[in-house]
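FYI, side chains are in, hydrogens and waters are out, and symmetry mates aren't considered; it's all heavy atoms of this structure. Sequence lines set the chain letters: A, B, ... in the order given, protein chains first and strands last, and positions in each chain run from 1.
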Amino acid sequence: MKTLLVRGAIVCLLVFFQVSFLDILFPWFHVPLLIVASIVSWTLLVGFPASLWITVPLCLLFDLIIFGSVSGLSLYGVALAYATSFVSRRLMADRQGAGAGVYALFAAGAAVAYQLLSFFYVSVTAPFPLTGLPLFLPPSVLLFSLVLTLPLFVFTHTFLGRVENRLALALQKQFVRVR
Amino acid sequence: MQTKLSRAALVCMALLFALVLKPTFLIQPVRALVATVAWPIERVFSATAFEIRGWFGFFTSIGSLKSENERLTEENRRLMVANVQERDVSKENDELRKEIGLIPRGTYDLAAATVIDRDESGLGNWVTIDQGFVQGIRKTMPVIVGNGVLAGRVGEVYPHSSRVMLLSNPDSLVNGTALGTEAKGIVKGEHGLGMLYDMVLRSDTLTAGDTVVTSGLGGDLPKSLVIGTVQDVRLSDDRLYQQASLASPVRFDALRFVFVIKNTPFL
């Protein structure tokens, strides 16, 4: 129960921080960088099956606030969590040091990939721009997304790592007490 | 035994199902609850973000301060002259309106509001403000910036917050008229890219640089709220109407303080 409450509170905090802080500070981005970084961090920390129970509410809450219904982010989030688990098992890189750098780049690449997917989705499904202007995604926005996701991944990985460690410790103590 | 891939596929299918079905009867109450709970936290986060952005904006704009200052001084001078002339006309208008018994124009009951979150998709479609049902906000109320620049309309209302559909939203349709030539048309949003002034009769004159304002037709918006400036005029694809891109004086991605018109005398 404690784990559920703590994780639920962190999910809410991450979403509110994304929509009310990062989206206002960097309005030209079209991707929830903090959400993407959190999905990768959490999957690395708790593994895919457990992270699914976190990723889906995280993405759904974000979709609810922004779009009012389930959006492509939820599907992308699940796919990203699986891909993270897949890559981490293949790479077998340590989550500290150079290995963390690899995963940070992976998270940054995931953010850029989502941005590109959203852009192509809007280009294909939106009616022909009546202003006559072609839809254009500046490379600088992609580069900035890539660069900004790196420290966000470090922050979320450190923060969530500490939280998960404390939760694991609390669960262990509870188990010992019961015994 | 369920593999990770099959589990991921199952969840994706369930989400796709929810995406297609869009169960609004389930989503709306949850959304209202989330909006009520999120409102105070979003206020704190958004205020901090705007302050930080303000500081960054100050430092990055230092280089262009001199030229911006000169441009604004010149514009101020020009507007001062125009203001004096307008004041005379306005005074005469008020006297004439009093004579024939019409109530004064432009007296709005305004509710000041702060933006607490924005449309993350970057399409510039929505912002959320910190005024809601409890503060007297209702659906379709116009939202303005400054003295009378229309930014959008209230779309959804929660107890302490509301979502404002901006003019750049593709679902936004506003009746407009060009100030200089009185060419009537409809202002449509374009997925955050801008606005299009459409369905203008070919017999009407539409000139680049003219200002488009709300026409008041339909009675849902007050007259003479500024929408934007005509950029380029062309014929529609079917050649039946004229259309033009509009440049709004409002930067939708930088909106922080807005006003909701709660009570408008429509004339």
Side-chain angles (χ1 to χ4, degrees), chain A residues 12-13 15-32 35 47-49 52 55-56 59-79 81-83 85-86 89 115 118-119 122 126-133 135-137 141, chain B residues 4-5 7-8 11-12 15-24 27-28 30-31 34-35 37-38 41-46 48-50 52-53 56 115-124 126 128 156 163 170 188 190-191 193-196 198 231-232 234 236-237 243 245 252-254 256:
Chain A
C12 291
L13 207 68
V15 171
F16 297 153
F17 192 74
Q18 172 68 56
V19 302
S20 299
F21 188 84
L22 290 178
D23 285 350
I24 286 174
L25 204 55
F26 306 109
W28 51 86
F29 287 143
H30 304 173
V31 61
I35 307 294
F48 175 69
L52 208 55
T55 301
V56 171
C59 295
L60 282 180
L61 182 62
F62 182 84
D63 283 345
L64 206 69
I65 290 176
I66 296 294
F67 304 110
S69 64
V70 178
S71 81
L73 175 68
S74 300
L75 294 165
Y76 186 80
V78 173
Y82 179 77
S85 168
F86 183 86
R89 275 179 287 130
Q115 202 155 17
S118 304
F119 173 72
V122 169
F128 180 71
L130 299 173
T131 54
L133 297 168
L135 288 173
F136 175 65
L137 185 61
V141 172
Chain B
K4 286 181 183 174
L5 183 60
R7 203 176 296 189
V11 172
C12 279
L15 288 170
L16 197 63
F17 201 56
L19 194 150
V20 166
L21 276 185
K22 285 195 200 321
T24 358
I27 290 171
Q28 279 305 335
V30 177
R31 206 168 169 202
V34 169
V37 168
I41 306 167
E42 286 188 317
R43 275 190 84 171
V44 172
F45 281 151
S46 61
T48 315
F50 275 120
I52 295 172
R53 206 173 145 181
F56 273 124
V115 171
I116 58 174
D117 81 45
R118 359 184 357 266
D119 177 12
E120 184 284 327
S121 67
L123 297 176
W126 295 91
T128 305
E156 294 169 31
R163 275 167 70 96
K188 299 177 184 175
E190 281 213 299
H191 297 279
L193 296 173
M195 297 176 290
L196 182 77
D198 199 5
Q231 297 298 291
D232 56 313
R234 57 189 174 273
S236 58
D237 289 340
Q243 53 182 212
S245 320
F252 293 121
D253 63 343
R256 184 175 179 184

Supply the atom-to-atom distance B:F56 CZ to A:L25 CG, rounded to the nearest 0.5 angstrom. 7.0 Å
Please report the closest heavy-atom contact between B:F45 and A:F21, naming both atoms and the distance. O-CD1, 3.4 Å
Contact summary for A:F16 and B:V34, nearest pair of heavy atoms: CE2-CG1, 4.5 Å
Without swapping roles, check the side chain of B:R118 against the backbone of A:I24 for a donor-acceptor pair under 3.5 Å. no
Has A:S20 got a side-chain atom pairing as donor or acceptor with B:S46's backbone, closer than 3.5 angstrom? no
Per-residue contact mode, B:V44 against chain A (heavy atom under 4.5 angstrom): neither
Tell me, side chain or backbone of A:Y82 under 4.5 Å from chain B's heavy atoms, or both, or neither? side chain
I'd like to know whether B:L16 forms a side-chain contact (heavy atoms from CB on, under 4.5 Å) with A:L75, so could you lay out the CA-CA distance, the side-chain angles of the two residues, the decisive distance to 0.1 Å, and finally the verdict. CA-CA 7 Å; B:L16 197 63; A:L75 294 165; 3.7 Å; yes
Options A:L73, A:L64, A:V78, A:L52, ranked by heavy-atom pairs under 4.5 Å with chain B, top entry: A:L64
Counting only non-hydrogen atoms closer than 4.5 Å, does A:S71 touch chain B with its backbone (N, CA, C, O), its side chain (CB onward), both, or neither? backbone
Hey, are the side chains of A:I65 and B:T128 touching, using non-hydrogen atoms and a 4.5 Å cut-off? no
B:R163 side chain to A:I66 backbone, donor-acceptor under 3.5 Å: yes
Is B:I116 close to chain A through its backbone or its side chain, or both, or neither, when contacts mean heavy atoms under 4.5 Å? backbone
Rounded to the nearest 0.5 Å, what separates atom CZ in A:F48 from atom CG in B:L5? 8.5 Å
I need the B:I41 CD1 to A:C12 SG distance, nearest 0.5 Å. 7.5 Å
Applying a strict 4.5 Å limit to non-hydrogen atoms, the region of A:L22 in contact with chain B is neither
Got more than 12 heavy atoms from elsewhere within 6.0 Å of CZ, A:F26? yes
